[in-house]
Protein chains: 2
Amino acid sequence: MRMEITPAEASVSRPRTPAEPASRDAAVGITGVVSLLRPVRAGNAFEETVERLLQALKLGVVPHGEKLPPERELATRLGISRVTLREAIRALQEAGYLDVRRGRYGGAFVVYRPPSPRKGDLRRAVTRMGEDDLEDALTFRMAVECGAARVLATTELTPRQRETLAARLAGVNDAAPADYRRMDIAFHLAIAELSGSPLLAAACADARLRVTDLLNAIPVLRPNIEHAAVQHAAIAAAILDGDPEAAERAVAEHLEGTAALLRGFLA
Amino acid sequence: MRMEITPAEASVSRPRTPAEPASRDAAVGITGVVSLLRPVRAGNAFEETVERLLQALKLGVVPHGEKLPPERELATRLGISRVTLREAIRALQEAGYLDVRRGRYGGAFVVYRPPSPRKGDLRRAVTRMGEDDLEDALTFRMAVECGAARVLATTELTPRQRETLAARLAGVNDAAPADYRRMDIAFHLAIAELSGSPLLAAACADARLRVTDLLNAIPVLRPNIEHAAVQHAAIAAAILDGDPEAAERAVAEHLEGTAALLRGFLA
DNA sequence: GTCCAAAAGTCTGGAATCAGACCATTGAGG
DNA sequence: CCTCAATGGTCTGATTCCAGACTTTTGGAC
């Protein structure tokens, strides 16, 4: 029983929280930081867990064929009870993302591969997301990834770090088409992770996630890959060179291409 | 009954979630994005709500003397039940941050002013935070604020936006000493907010929050203010000029000063 | 002085979530 | 073939959290 990839469907089997309160322009305080009065929680534990696991699949943290950590361990790491985790796993299983097997050497095996895009997917994905959210996501991504590159380029890198960056760059370049996105993600996130800041890494992962569905709707074509390869190389070079501004410029240029493409679908 | 300003104390009256699971280097997947398997929730609803409200006070979203929105409205906006919100409000009341009055024209009035730092506060604050978390917060802030400045400088600004930025700059410069931090925050966050990306604004607010206690422990001295004023002006000028790299450089320089100062307390 | 509206304060039943004990299944190794 | 360890599957009582109805307090308007 496969289903679409929209994040909504997996929770079909257990629709809990009904609506979301509309955010209003409240007359509170002077600064416009009303965002602090946003919902404390994005949903119930079940929903948030489904979302989180789905993210892990989509970013390729746990690739096709591998299995998630054992329930007990995963529940601990996610800070939720095993019961709730199991509900989430079951939802993903029913949606076709996981294959759960019991017994020793059993586990929840990942059955997700990024779908190869069909004509019209991109337009649909962009439309579904909404103009404001798309703009928000693109801006956010631009800011955090540029910032991460700058920070990393400013840092005195250890040989170990330089190797990792180079390895990730090579990873994208050598990737099989089916693995391209995954390796691209790995490269981009490596920049944030090498900065040594978990907060920054999480922010970049979040930013990437918000455009994942869109990127997955873009066919991976030869010219695109080659173009990206040049830009990736420029980014890595600038970072290894310790040139913050060049690094940032390179990242901005790289992301601008994608952003322009996606924005085009809103006009 | 006043208490210290540490974020821990307000929850004294209701200590719930016990410990936090240590993050481990799990052998999951290829990328190191283990961050996705981090806890789904930072604490229980009560704790998170206390934290959120405390943040609103510390960032000056609701300044001294003003009152929070009515319980029902606030509960809706925060996406929690009134019961839970009231528990949080009571905790903050008992900690001396709020003055709750009933009846029409009643409400939860803010009784918080950033404390004037005493000698040793900074060292204590830095030590309490822990080396890794401090480094993380500083790196994160550097990245997102630089990124935000770059994005804004890249944007074609409307007259309205230019005015707002100028107004915030003037706000810091004209601020009374007691209001200085609040206006400084307003200026910094304006950069993120003017980018039009709620995600980016939230990230910058988060970043600022993570160093608020530390900054509050630094006395606001004349030379510091003047130095900051020059840097603030440079930032605003670069943004209004539409020079992304200058904007970023200016922000980096500005933040580097604070970062270096704080890092000094770890050596 | 009386009334009224807006706010905080209180109570109740039910759903969500949890911790932890226990059961069932499975494949590897002896 | 048997045993064992690691894993998913199930159950139970307690706690947290919720929605919503109801009560009390307060100050302004008439």
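To find a chain, count down the sequence lines: A is the first, B the second, and so on, and within it residues start at 1.
- The nearest whole Å value for the distance from the CZ atom in A/Arg90 to the C1' atom in D/dT10 is 12 Å.
- By the neighbour-count criterion of 12 heavy atoms within 6.0 Å, atom CG of B/Asp132 is sparsely surrounded, having that number or fewer from other residues, nucleotides or ligands.
- For B/Val100, whose side chain is taken as the heavy atoms from C-beta onward, the closest listed nucleotide among C/dG9, C/dA19, D/dC18 is C/dG9.
- Within the nucleic acid shown, A/Ile80 comes within 4.0 Å of sugar-phosphate atoms alone, with no base atom in reach, counting heavy atoms only.
- Residue A/Arg86 places at least one side-chain N or O under 4.0 Å from the OP1 or OP2 atom of D/dG9.
- Proximity note for A/Val83 (side chain, C-beta onward) versus C/dA8, D/dG9, C/dC18: the nearest is C/dC18.
- Shown are A/Arg181, A/Gln55, A/Lys58; of these, the side-chain contact (heavy atoms from CB on, under 4.5 Å) with A/Thr212 is made only by A/Lys58.
- Here C/dC18 presents its C1' atom at 16 Å from CD of A/Glu48, a figure rounded to the nearest Å.
- In this structure, A/Thr84 reaches the C/dC18 phosphate: one of its side-chain N or O atoms is under 4.0 Å from OP1 or OP2.
- Regarding B/Asp99, its CG atom lies at a distance of 12 Å from the P atom of C/dA8, rounded to whole Å.
- By the neighbour-count criterion of 12 heavy atoms within 6.0 Å, atom CZ of A/Arg113 is sparsely surrounded, having that number or fewer from other residues, nucleotides or ligands.
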Distances under 3.5 Å only, N/O to N/O: pair up the protein atoms with those of nucleotides 5-7 of chain D.
| from | atom 1 | to | atom 2 | distance (Å) |
| --- | --- | --- | --- | --- |
| D/dA5 | O4' | A/Arg104 | NH1 | 3.4 |
| D/dA6 | O4' | A/Arg104 | NE | 3.2 |
| D/dA6 | N3 | A/Arg104 | N | 3.2 |

